[in-house]
Amino acid sequence: MTNTPTKIVYTANASITGGRQGHGRSEDGVLDVELTAAKEMGGPGTGTNPEQLFAVGYGACFQSALAGVAKKEGVDASASVVRTSVGLGPEGASYALTVDLVAEIPGVDDATAQRLVDAAHQNCPYSKAVRGNVPVTVTGRGVATA
């Protein structure tokens, strides 16, 4: 299933040279990173790699979706923490990704946290983009508040 927006409200533009051993820069210059492969992939690990960028982007988008879902249920998830793990490994003749998202939400129990992250996973644009192609696990954890 394709999820096509009815209206584009923002477009991010970037230029990349050199692939994993190169440079990436957003059109506005706010993001400007040296790219290097991770040590585990034979690179120097001295720069940012595409999986790290994907993890940060997905985590930020997911946390926004979580905040929106939680707000509709009267839960303040603004202090939540989303931990994103993006795995890269061989798949056939190339490579594929996996994603694990863990959201820690203060002031709710584990069952409520899980219900909220499951709902966020249905709404998050990144989740929609990878659904059916990238295995994604979402885990919600409640965090006791003092």
Side-chain angles (χ1 to χ4, degrees), residues 1-14 16 19-20 22-91 94-146:
M1 178 175 129
T2 301
N3 297 295
T4 305
T6 56
K7 176 183 172 186
I8 302 298
V9 295
Y10 171 73
T11 300
N13 296 298
I16 295 83
R20 289 183 174 275
H23 188 89
R25 185 177 188 276
S26 62
E27 186 176 71
D28 62 6
V30 173
L31 178 65
D32 193 334
V33 295
E34 291 300 318
L35 301 168
T36 62
K39 286 183 181 182
E40 296 83 352
M41 295 184 63
T46 55
T48 302
N49 64 61
E51 293 71 36
Q52 291 171 323
L53 292 168
F54 187 67
V56 169
Y58 197 161
C61 187
F62 189 85
Q63 190 167 34
S64 291
L66 175 61
V69 166
K71 184 176 181 179
K72 287 180 184 176
E73 295 203 19
V75 175
D76 179 5
S78 61
S80 64
V81 175
V82 174
R83 302 186 193 286
T84 312
S85 298
V86 173
L88 173 71
E91 186 272 326
S94 63
Y95 288 84
L97 299 173
T98 63
V99 176
D100 292 310
L101 295 160
V102 177
E104 299 167 348
I105 307 169
V108 300
D109 59 23
D110 286 348
T112 300
Q114 188 62 49
R115 185 171 42 76
L116 292 171
V117 298
D118 287 341
H121 188 44
Q122 295 306 308
N123 292 326
C124 174
Y126 273 64
S127 292
K128 289 179 182 181
V130 302
R131 187 166 290 126
N133 189 45
V134 175
V136 177
T137 59
V138 295
T139 304
R141 294 191 180 132
V143 177
T145 54

Spacing of OH belonging to Tyr126 relative to OG1 belonging to Thr84, to within rounding of 0.5 Å: 10.5 Å
Check: Val136 and Leu101 side chains under 4.5 Å, non-hydrogen atoms: yes
Sidechain-backbone polar pair: Glu51 side chain, Gly87 backbone, donor-acceptor under 3.5 Å: no
Distance in Å, Lys71 NZ paired with Leu116 CG, rounded so as to fall on 0.5 Å steps: 14.5 Å
Contact check, side chains of Gln122 and Lys128, non-hydrogen atoms, under 4.5 Å: no
Carboxylate-amine/guanidinium contact Glu34 Arg25, below 4.0 Å: no
Residue pair Ile16 / Gly24: nearest heavy atoms and the distance that separates them: CG1-CA, 4.2 Å
Validation row: Leu35, His23 side chains within 4.5 angstrom (heavy atoms): no
Any side-chain heavy-atom pair of Lys39 and Pro44 under 4.5 Å: no
Smallest separation among heavy atoms of Ala103 and Val117, with atom names: CB-CG1, 3.4 Å
Pairing residues for Arg141 by the salt bridge (Lys or Arg N to Asp or Glu O under 4.0 Å) criterion, not counting sequence neighbours: none
Glu91 versus Ala96, closest heavy-atom pair with distance: CB-CB, 3.5 Å
Residue pair Gln114 / Asp118, side-chain donor-acceptor N/O under 3.5 Å: yes
Minimum heavy-atom distance Cys124-Cys61, with the two atoms named: SG-SG, 3.5 Å
Heavy-atom closest pair, residues Ser26 and Asp28: OG-OD1, 2.6 Å
Within residues 99-109 or reaching into it, pairs that qualify as side chain to side chain donor-acceptor pair (under 3.5 Å) - sequence neighbours excluded: Arg83-Glu104, Asp100-Thr137, Asp109-Thr112
Nearest heavy atoms of Asn3 and Pro5, plus distance in Å: O-CD, 3.7 Å
Partner of Leu66 under side-chain contact (heavy atoms from CB on, under 4.5 Å), chosen from Val138, Val75, Ile105: Ile105
Any residue meeting ring-ring contact (aromatic ring centres under 6.0 Å, His included) with Phe62, in chain and number order, not counting sequence neighbours: none
Main-chain N/O of Thr46 paired to Thr36 side chain as donor or acceptor, under 3.5 Å: yes
Side chain to side chain, Val99 and Tyr58, heavy atoms closer than 4.5 Å: yes
Side-chain donor/acceptor of Arg131 to backbone N/O of His121, under 3.5 Å: yes
Note, Thr48 side chain near Leu53 side chain (heavy atom, < 4.5 Å): yes
